[in-house]
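All chains are named by letter (A, B, ...) in the order of the sequence lines, taking the proteins before the strands, and each is independently numbered beginning at 1. Just so it is clear, the structure is predicted and the values come from calculations on it, not from any experiment.
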Number of protein chains: 2
Amino acid sequence: MTAVACCSPLQGAPLSAEDAQTLARTVKALADPTRLRLVSLVAAHGGEACVCDLTEPVGLSQPTVSHHLKVLVDAGLMTRDKRGVWAYYALVPGALADLARVLSTP
Amino acid sequence: MTAVACCSPLQGAPLSAEDAQTLARTVKALADPTRLRLVSLVAAHGGEACVCDLTEPVGLSQPTVSHHLKVLVDAGLMTRDKRGVWAYYALVPGALADLARVLSTP
DNA sequence: CGAGGGGATCGACGGATGTCAATGTCTGCG
DNA sequence: CGCAGACATTGACATCCGTCGATCCCCTCG
């Protein structure tokens, strides 16, 4: 639901239990090979793709793909835009970069 | 066991099923609030800590902490160095940065 | 050598998770 | 209106995962 926890250095001060849980929820959304492929496919598809574009490349059923996309949307990593019959999924612009910055603060 | 898959852009070309599985194994190691706290605690402890330093802050049993640390070591994110009676865990220098770079290639 | 302590491993259990088939919902078209 | 297609939701099932108590290993010190 919420975007990436954009204020936790991870290195530096120890994470509180709450911050750890929040950050883990985002990381968990990416901790699945299918969801990583979906992110990669959407990015390579011009930043936007509908479910019908993704079902065949990942080789899973349509409900399963739909479920994974929902997980990514709930984690704040993707957006869903329903236009007509199709639902277009797109990456949230800074989300992955924010997460990356939280993981490795130099 | 192996370090972070340091050659997958994630954005750009679509991930293969094998690359996705490899990357997911690393991300999965961080997809737990306890393990995120352990990484954070070790980093804040001067980059090195023994199990006895970590058990009390996370509030879990010693076997559980030991299990989580093993997961992090197996993922290539930490190293284990047994000196005398104590086992010192430390972050692998570039591991988190490598992972962050894979997640958000500009 | 025997005792003590730090840590790893084992076995078990409950909850979370990925997957699919079946079904429901909504949109556009004839 | 009625049908077909694109997605979402539900229910069920198998599996994985985090956690703990009990136990085992190994090092150090009397």
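Here the side chain of A:S40 pairs a donor or acceptor atom with the backbone of B:L10 at under 3.5 angstrom.
For A:W86, counting side-chain heavy atoms from C-beta on, the closest listed nucleotide (D:dT9, D:dA6, C:dG7) is D:dA6.
In this structure, the NZ atom of B:K70 is 15 Å from the C1' atom of D:dC17, given to the nearest Å. Atoms CG (B:L38) and C1' (C:dG7) sit 15 Å apart, rounded to a whole Å. If you measure from atom OH of A:Y88 to atom P of D:dA6, you get 11 Å, rounded to the nearest angstrom. What separates CZ of B:R80 from P of D:dC25 is a distance of 16 Å, to the nearest Å. Atom CG in B:L36 sits about 14 Å away from atom C1' in D:dG18, given to the nearest Å. With rounding to whole Å, B:E56 atom CD is found 14 Å from C:dG6 atom P.
Heavy atoms of B:R83 sit nowhere under 4.0 angstrom from any nucleic acid atom. At the heavy-atom level, B:Y89 lies under 4.0 Å from the strands shown only through sugar-phosphate atoms.
Contacts of B:D81 classified as salt bridge (charged side-chain N to carboxylate O under 4.0 Å, His left out), with partners at least two apart in sequence or in another chain: B:R83. Here A:R35 pairs with A:H68 under the side-chain hydrogen bond (donor to acceptor under 3.5 Å, both in side chains) rule; sequence neighbours left out. Applying the side-chain hydrogen bond (donor to acceptor under 3.5 Å, both in side chains) test to B:T64 and every residue at least two apart in sequence or in another chain returns B:S61. Under the rule for a side-chain hydrogen bond (donor to acceptor under 3.5 Å, both in side chains), A:H67 has no partner lying at least two apart in sequence or in another chain.
Within the structure, every pair that satisfies the salt bridge (Lys or Arg N to Asp or Glu O under 4.0 Å) test and touches residues 62-71 of chain A, not counting sequence neighbours, is listed here: A:K70-A:D74.
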Determine, for nucleotides 19-26 of chain C in 5'-to-3' order, which nucleotides have protein heavy atoms under 4.0 Å from the base (write B), from only the sugar-phosphate (write S), or from neither (write -).
BBBB----
